[in-house]
Amino acid sequence: MPELPEVETVVRDLCAARLVGRRITGVRVRWPATIADLSPEQFKRRVVGRTIRAIRRRAKFILWELDQGRVLAVHLRMTGRFEVIADNRTAGKHVHVVLLLDDGRRLWFHDTRKFGRFYLLQDPAPLLARLGPEPLANDFTARRLAEALAGRRRAIKPLLLDQSVVAGLGNIYVDETLWAARIHPLCAAHTLSPAQIRALHRAMRRVLRQGVRNGGTTLGSGQTNFHSPVGGAGRNADQLKVFRRTGRPCPRCGGTIERMQVAQRSTHLCRRCQPQEITR
DNA sequence: AAGAATGTTACATG
DNA sequence: ACATGTAACATTCT
């Protein structure tokens, strides 16, 4: 579900819901594996009483900065989802963590597939140490992208999915970026021309910014699809050019969008716009 | 009703 | 050290 634009949308939504300044007055853990490294009891003991000082994003992590120098880093993985609850509904079976707040509201963590993780840390630096640059940061230039790709002989798609190369892209936005840059997903990174790297850089930022502007991508209508914490679906699905559009016409050239497997992920492309370079 | 699903990591092999 | 491939996590959706 969540890639950079979705996680950014979640963080903005949590901030807009005025969670900063609230104190956590209680914790319920219904699926202990969600809490990394700590027992639910240890987690509860360390979190209850803390005040939320700030909520930020790094790559696909949501960073809850608490008082006493603690940070709760949450990774949503595939189906993790926060929901701010202001009434007295009862939690459904996929709500695995509940945080009670001092203003009477609750925060639910839904996660159908149970891959999401909460890391409660004194210092998040080790967790974040291996992440590559933020693609939307002001200082992420085409030159920095070129540096990140320098000397790499791997195919470009698996490299862009690798969070230590660039942080925040996932399967949707990589396919959309490569289509926009007219680059074949199997193209070896070291064969990209400077012009292609500039195109890739521009495409990546345009595609991600559009995703953020549209409040993320919600695919289909199931429970497991992305929703921001106050319940909204993202509006970006309409803007996707190739992702899950197999067999439909390429919006740029009219060719047929194809699906192939790359790096064990389903990959969508237009072969006419994204020719595979001959690599040796 | 089999296969795929927005993510990551550990492990094996080349 | 680099690269690639597979399995695993757990459940739902098409």
Side-chain angles (χ1 to χ4, degrees), chain A residues 1-10 30-37 57-62 73-82 92-97 109-119 126-132 148-178 185-191 207-208 210-212 214-228 233-237 239-240 242-247 259-268 279:
Chain A
M1 191 191 290
E3 304 178 31
L4 185 155
E6 290 73 38
V7 178
E8 180 65 25
T9 299
V10 169
R30 314 206 308 178
W31 183 260
T34 300
I35 312 299
D37 309 322
R57 180 187 65 76
R58 169 70 171 113
K60 300 176 190 172
F61 285 96
I62 299 163
V74 177
H75 200 300
L76 305 174
R77 296 286 182 97
M78 296 287 266
T79 57
R81 179 157 74 86
F82 281 110
K93 67 171 177 173
H94 299 303
V95 175
H96 303 316
V97 181
F109 180 69
H110 299 257
D111 191 10
T112 7
R113 287 173 70 179
K114 300 175 175 169
F115 294 168
R117 287 294 176 271
F118 283 37
Y119 303 87
L127 182 69
L128 309 177
R130 287 166 41 208
L131 294 170
L149 299 177
R152 301 297 214 116
R153 304 182 74 85
R154 292 176 76 184
I156 190 65
K157 170 151 180 170
L159 273 179
L160 294 180
L161 287 172
D162 183 336
Q163 302 297 297
S164 69
V165 173
V166 176
L169 295 168
N171 211 27
I172 299 175
Y173 294 98
V174 166
D175 281 6
E176 293 295 312
T177 294
L178 291 172
L186 289 178
C187 196
H190 71 289
T191 67
V207 161
L208 292 172
Q210 181 192 64
V212 172
N214 289 322
T217 299
T218 298
L219 300 161
S221 53
Q223 251 270 295
T224 58
N225 293 306
F226 170 70
H227 287 86
S228 67
R235 304 174 304 280
N236 198 238
Q239 303 304 317
L240 300 181
V242 289
F243 193 80
R244 293 210 199 161
R245 297 181 59 83
T246 311
R259 187 166 78 125
M260 60 187 294
Q261 286 291 121
V262 177
Q264 289 105 271
R265 308 301 298 277
S266 163
T267 297
H268 312 76
T279 56

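Order of the sequence lines sets the chain letters (A, B, ...), proteins ahead of strands, with each chain counted from 1. Predicted model, so just to flag it, every value in this text is computed and none were measured.
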**Study point:** Base-contact (B) and sugar-phosphate-only (S) positions in nucleotides 8-14 of chain B, heavy-atom cut-off under 4.0 Å, - elsewhere
**Key:** S------

Check your understanding: Do the side chain of Glu6(A) and the main chain of Thr217(A) share a donor and acceptor less than 3.5 angstrom apart?
Key -> yes

Check your understanding: Looking at Thr267(A), Val262(A), Val207(A), which hits side chain to side chain contact (heavy atoms under 4.5 Å, CB included) with Asp175(A)?
Key -> Thr267(A)

**Study point:** Atom pair distance, as rounded to whole Å: CG in Leu240(A) and C1' in dA5(B)
**Key:** 15 Å

**Study point:** Length of the CG-C1' vector between Leu76(A) and dC9(C), whole Å
**Key:** 16 Å

Check your understanding: With Ala148(A), which residues qualify under side-chain contact (heavy atoms from CB on, under 4.5 Å), at least two apart?
Key -> Val165(A)

Practice item. Scan Arg152(A) against the nucleic acid and name what it touches under 4.0 Å (heavy atoms): base, sugar-phosphate only, or nothing. Key: sugar-phosphate

Revision key, fill the gap. Output row for DNA chain B, stems defined as at least 3 consecutive Watson-Crick or G-U pairs under 3.5 Å, is B:2-5 with C:11-14, B:7-14 with C:2-9

**Study point:** Residues forming a side chain to side chain donor-acceptor pair (under 3.5 Å) with Glu8(A), sequence neighbours excluded
**Key:** Arg12(A), Arg57(A)

Check your understanding: Just checking Tyr173(A): base, sugar-phosphate only, or nothing, at a heavy-atom cut-off of under 4.0 Å?
Key -> nothing

Practice item. Sequence neighbours left out, what passes side-chain contact (heavy atoms from CB on, under 4.5 Å) with Thr34(A)? Give chain and number order. Key: Trp31(A), His96(A), Val97(A), Phe109(A), Phe118(A)

Exercise for review: Check the distance between dA4(B)'s P and Met78(A)'s CE and give it to me in whole angstrom.
Suggested key: 13 Å

Revision key, fill the gap. From CG of Asp162(A) across to P of dG7(B) the rounded distance in Å is 13 Å

**Study point:** Separation of the P atoms in dA7(C) and dA4(B), to the nearest angstrom
**Key:** 13 Å

Practice item. Among residues two or more places apart or on two chains, list those pairs meeting salt bridge (charged side-chain N to carboxylate O under 4.0 Å, His left out) that have a residue in residues 162-173 of chain A. Key: Arg154(A)-Asp162(A)

Point to revise | Euclidean distance, atom CZ of residue Phe115(A) to atom C1' of dA5(B) [Å, nearest integer] | key: 10 Å

Point to revise | Gap between atoms CG and C1', on Leu131(A) and dG7(B) respectively (whole Å) | key: 13 Å

Point to revise | Separation of the P atoms in dT12(C) and dT8(B), to the nearest angstrom | key: 22 Å

Exercise for review: Tell me, please, which residues at least two apart from Lys60(A) pass salt bridge (Lys or Arg N to Asp or Glu O under 4.0 Å).
Suggested key: none

Practice item. Starting from C1' on dT11(C), measure out to CZ on Arg81(A) and report it in whole angstrom. Key: 14 Å

Exercise for review: Could you tell me whether the side chain of Gln163(A) and the main chain of Ala59(A) form a donor-acceptor pair under 3.5 Å?
Suggested key: no

Exercise for review: Apply ring-ring contact (aromatic ring centres under 6.0 Å, His included) to His75(A) and list each qualifying residue two or more places apart in sequence or on a separate chain.
Suggested key: Phe61(A)

Point to revise | Under the side-chain contact (heavy atoms from CB on, under 4.5 Å) test, residues paired with Ser228(A) that sit two or more places apart | key: Thr9(A), Asp13(A), Phe226(A), Val230(A)

Polar-atom pairs under 3.5 Å, protein N or O versus N or O of nucleotides 12-14 of chain C: list them with distances, or write none.
{"residue": "dT12(C)", "atom": "OP1", "partner": "Lys93(A)", "partner atom": "NZ", "Å": "3.3"}
{"residue": "dT12(C)", "atom": "OP1", "partner": "His94(A)", "partner atom": "NE2", "Å": "2.9"}
{"residue": "dC13(C)", "atom": "OP1", "partner": "Gln223(A)", "partner atom": "N", "Å": "3.3"}

Point to revise | Any residue meeting salt bridge (Lys or Arg N to Asp or Glu O under 4.0 Å) with Arg58(A), in chain and number order, not counting sequence neighbours | key: Glu134(A)

**Study point:** For atom CG of Asp175(A) and atom P of dA4(B), their distance in whole Å
**Key:** 16 Å

Point to revise | Sequence-distant partners of Asn171(A), side chain to side chain donor-acceptor pair (under 3.5 Å), two or more places apart | key: Lys157(A)

